[in-house]
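For reference, the structure is listed below as structure tokens.
FYI, side chains are in, hydrogens and waters are out, and symmetry mates aren't considered; it's all heavy atoms of this structure. Quick note on labels: first sequence line is chain A, next is B, and so on, each numbered from 1.
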Amino acid sequence: MRVSKMLIPTLREVPAEADAISHQLLLRSGMVRKVAAGVYTLLPLGNKVVKKIENIVREEMNKAGGVELQLPIIQPAELWQESGRWDVYGPEMYRLKDRHGRDFCLGPTHEELITDLFRQEVKSYRQLPLLLYQVHNKYRDERRPRFGLLRGREFIMKDLYSFDKDEDGLEESYHKMYDAYNNIFSRCSLDFRAVEADSGAIGGDVSHEFMVIADTGEDEITFCSGCDYAANIDKTPCHSSGEDAAVEEERPLEKKETPEARTVQDVASYLGVDAAKVIKSLFYNADGKLVVVLVRGDRLVNEIKVKNYLECSMLEPADPDEMRNKYGLPMGFAGPVHLREKADVTILADTEIDNLTNAVAGANKNGYHFVNVNLGRDFQIDNYGDFRFAQVGDVCPCCGAPLQVQHGIEVGHIFKLGTKYSEAMEATIIDEKGKEAPVIMGCYGIGVTRTMAAAVEQCHDQDGIIWPSAISPFEVVIMAVNQRDEPQVNCATEIYQQLVAAGIDVLYDDRRERPGVKFKDADLIGYPARVVIGKKAITEGLIEVKWRSTGEMSFQEKGNIATYLKDALASMM
RNA sequence: CGGGGUGUAGCGUAGUUUGGUAGCGCGCUUGGUUUGGGACCAAGAGGUCGGGAGUUCAAAUCUCCCCACCCCGACCA
């Protein structure tokens, strides 16, 4: 392909709307353009990257026994009503009506459609296992699309659904996908990690996320320095570190004035104590019931753990006005002591609260805190539990070694669904004994466009993108220093044709631009290899090759160039 | 949805406080010179100043309403 026939609108300056580095570079390198918030056009180069990722995904899915099909984007409401998700999904789902007033949605996901297809077409265990997948657009009206392609409202996803006759079959399908996902992201040359994850609203008990490691990632993951353990921080269990506070004699409860000290930090510094000595009391509305969660002042409440413990469908911070007006509990000064006298409230305490002696807690009076608060003597709780977020240095739940924390971008997520959808939608199969039972399902997603953006987040420098060769829009860019110099042009054309013939994905920058412009664009776009035809090529038959990732430059014999590039690129895969 | 911010040519921006009829850099077009890291000279084209209403002799600038986009939070298979 020649640049003169492409559309590669590179930008010299960073568009003001882009903050995330991948967003900036994808715009500047002429790969994508924004159409609306979270909606993007893939320009030729961006489209090519997407196709390369999709092909890797397809190859690995097919290798694992997957079969590709394509489900519609427009989906009838009836199927969603059947699964119960029409009412549950909320405003994130794009809903529309046809001319007859019938309800439809733009598919945010495809469990309903695949389950519907399955129940109509598959009846017998003999047809299982079945792994069906598609690579298609998904639509989610995110409250806040952000970071360019990392969180869009329209995006490309590969989703595969597994159908098995029993748990063992599901286990096998799940492992096939787990392995395939590892292969996919390895082939994309990404630094990633598979981590245990919360299965969330989709249901099921086992779930893994595939995280591309990047400081800018929205997710946090914990991993062990001593063993293989790795998990989403939402899911990481916290065990007591064993470092019980030094045994201290309980001192008498005392109320102290702490004007304007609302945050743990304020209170701790005002009273001159460590934040870990303060009991943080966070009030929640859990399906309409008031709940307070107590954690140490230096800890954060993990609302997912609270929600899972309470088995409630809604958990949100209690309304400060209601707290004050209805119960007389002032925000910032509320605490567990004498709390029950004021409100009917469930009191949950993180396990670490048990270790506190002579702690500090809000006095439920504006401008006051209690000091020397002791559990049992001064307040009671309903239950202990693990309600906090893990932190760096916490003990690994598997081996006890200290945990590390990194940020990541979720590019893949695999779930065991079980019978959630097959039961709701009566997708059953006949087993060996002639008995009818709901089919056992799993679902496995990869965000394709997100993977492209994640790769850029991870692979770039101050000059631009550094594509891993497997997903680069082209493997090699070739150019003449002077596109008006006939010998150079002839030589460049000749080598370009050689490379094409050798099966290398090569782009010829045949623009009559000055070399600096073409060099800058090559660096910005990030082709793995750059071939330059200069004077030396004409006088000595030596061709310059420069590698984007290392900056390494060398001269190759004109006759060897295709072989050299082919070998070098192969060794990078 | 709450908080904050920004909308001026394709991109980046000045001008807004203190109202006087829009400027700069890059890019684009034409001609010429140049050709190993975003060239130079000359001549040009390109703007409903996000939209609407209002105040005023006069609005990019002041007032009100709306919209879009970005950031933080909440939310999220």
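- The distance from atom CZ of A:R12 to atom C1' of B:G27 is 8 Å, rounded to the nearest whole Å.
- Closest contact between the side chain of A:K535 and the listed nucleotides B:G36, B:G38, B:C76 involves B:G36.
- When the C1' atom is used for both B:A58 and B:C62, the distance is 13 Å, rounded to whole Å.
- A:F147 comes within 4.0 angstrom of the backbone, heavy atoms only, and of no base.
- Within 4.0 Å of A:K34, counting heavy atoms only, lie sugar-phosphate atoms of the nucleic acid but no base atom.
- A salt bridge links A:E17 with A:K34; the closest basic N to acidic carboxylate O contact falls under 4.0 Å.
- A:G445 comes within 4.0 angstrom of nothing in the nucleic acid, heavy atoms only.
- Nucleic acid contact class of A:Q483 (heavy atoms, under 4.0 Å, all strands): none.
- Base pairing annotation: B:U63 forms a Watson-Crick or G-U wobble pair with B:A53, both donor-acceptor distances under 3.5 Å.
- Atom CG of A:L542 and atom C1' of B:G36 are 16 Å apart (whole Å).
- Judged by distance alone, with hydrogens and angles left aside, A:R530 brings a side-chain donor or acceptor within reach of the base of B:G37, the pair sitting under 3.5 Å.
- At the heavy-atom level, A:A16 lies under 4.0 Å from the strands shown only through sugar-phosphate atoms.
- Among the heavy atoms of the strands, none lies under 4.0 Å from A:K536.
- Among B:A74, B:G37, B:G25, the nucleotide with an atom closest to any side-chain atom of A:R143 is B:A74.
- The interatomic distance linking A:R146 (CZ) with B:C76 (C1') rounds to 10 Å, in whole Å.
- Considering only side-chain atoms of A:L11, the nucleotide from B:C70, B:G36, B:C11 that sits closest is B:C11.
- The listed nucleotides are B:G36, B:G38, B:C11; the one nearest the side chain of A:V532 is B:G36.
- Distances were taken from every side-chain heavy atom of A:R484 (C-beta onward) to each of B:G36, B:C76, B:U35; the shortest belongs to B:U35.
- Straight-line distance from the CG atom of A:L150 to the C1' atom of B:C76: 15 Å, rounded to whole Å.
- We find that CD of A:Q488 is positioned 16 Å from P of B:U34, with the value rounded to whole Å.
- Base pairing annotation: B:U18 forms no Watson-Crick or G-U wobble pair, as no partner gives both donor-acceptor distances under 3.5 Å.
- Comparing B:U13 with B:C72, their C1' atoms sit 25 Å apart, to the nearest whole Å.
- Annotation: B:G10 and B:U18 have their P atoms spaced 32 Å apart (nearest Å).
- Between the side chain of A:N482 and the base of B:G36, no donor-acceptor pair under 3.5 Å is found.
- A:M157 comes within contact range of at least one nucleobase, with a heavy-atom separation under 4.0 Å.
- Between the C1' atoms of B:U21 and B:C11, the separation comes to 26 Å (whole Å).
- Pair assignment for B:G44: B:C28, on the basis of Watson-Crick or G-U wobble contacts that are both within less than 3.5 Å.
- Comparing B:U34, B:C69, B:C71 by their closest approach to the side chain of A:D19 singles out B:C71.
- A centroid separation of less than 6.0 Å is found between the aromatic rings of A:F387 and A:Y309.
- Across all strands, A:D485 comes closer than 4.0 Å to no nucleic acid atom at all (heavy-atom distances).
- When Watson-Crick and G-U wobble pairs are counted only if both distances are under 3.5 Å, B:U6 pairs with B:A68.
- B:C76 atom C1' lies 16 Å from atom NZ of A:K138, rounded to whole Å.
- Taking side-chain N and O atoms only, A:R514 has a distance below 4.0 Å to OP1 or OP2 of B:A39.
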Q: May I have the step-by-step check of side-chain contact (heavy atoms from CB on, under 4.5 Å) for A:H136 and A:M157, ending in yes or no?
A: CA-CA 6 Å; A:H136 216 184; A:M157 187 179 225; over 6 Å; no
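- Pairing for B:G36 is absent, judged as Watson-Crick or G-U wobble with the two contacts each under 3.5 Å.
- The pair A:R151-A:E218 meets the salt-bridge criterion, since a charged nitrogen lies less than 4.0 angstrom from a carboxylate oxygen.
- At the heavy-atom level, A:D523 lies under 4.0 Å from base atoms of the strands shown.
- Phosphate contact (OP1/OP2 of B:C71, side-chain N/O of A:R144, threshold under 4.0 Å): present.
- Of the P atoms belonging to B:U16 and B:G31, the separation is 41 Å, rounded to the nearest Å.
- Closest approach to the A:K307 side chain among B:G36, B:C69, B:C76 is made by B:C76 (side chain taken as heavy atoms from C-beta onward).
- A distance of about 10 Å separates the C1' atoms of B:U17 and B:U61, rounded to the whole Å.
- Of the C1' atoms belonging to B:G46 and B:C24, the separation is 15 Å, rounded to the nearest Å.
- Between A:F210 and A:H208, the distance separating the two ring centers is not shorter than 6.0 angstrom.
- One interatomic measurement links the two molecules: CD1 of A:I538 to P of B:U35, which rounds to 16 Å at whole-angstrom precision.
- The pairing partner recorded for B:G23 is B:U13, the criterion being a Watson-Crick or G-U wobble arrangement whose two distances lie under 3.5 angstrom.
- With A:F389 as reference, A:N302 is the one residue of A:T222, A:N302, A:T236, A:I304 to meet the side-chain contact (heavy atoms from CB on, under 4.5 Å) rule.
- Taking atom P on both B:G5 and B:C65, the two are 16 Å apart, rounded to the nearest angstrom.
- Among the nucleotides B:C11, B:U35, B:G38, the one closest to any side-chain atom of A:V481 is B:U35.
- Paired with A:Y508 under the rule side-chain contact (heavy atoms from CB on, under 4.5 Å), one option of A:T493, A:I495, A:L499 passes, and it is A:T493.
- Using a 4.0 Å cut-off between charged side-chain N and carboxylate O, A:R548 and A:D461 make a salt bridge.
- Look at B:C1: its Watson-Crick or wobble partner, with both distances under 3.5 angstrom, is B:G73.
- Ionic pairing of A:D179 and A:K176 is not present here: no N-O contact between side-chain nitrogen and carboxylate oxygen is shorter than 4.0 angstrom.
- If you find the closest nucleotide of RNA chain B to A:P145 and to A:E513, the one lying nearer the 5' end belongs to A:E513.
- At whole-Å resolution of the value, CZ in A:R28 and C1' in B:G10 are 16 Å apart.
- For B:U35, neither phosphate oxygen OP1 nor OP2 lies less than 4.0 angstrom from any side-chain nitrogen or oxygen of A:R512.
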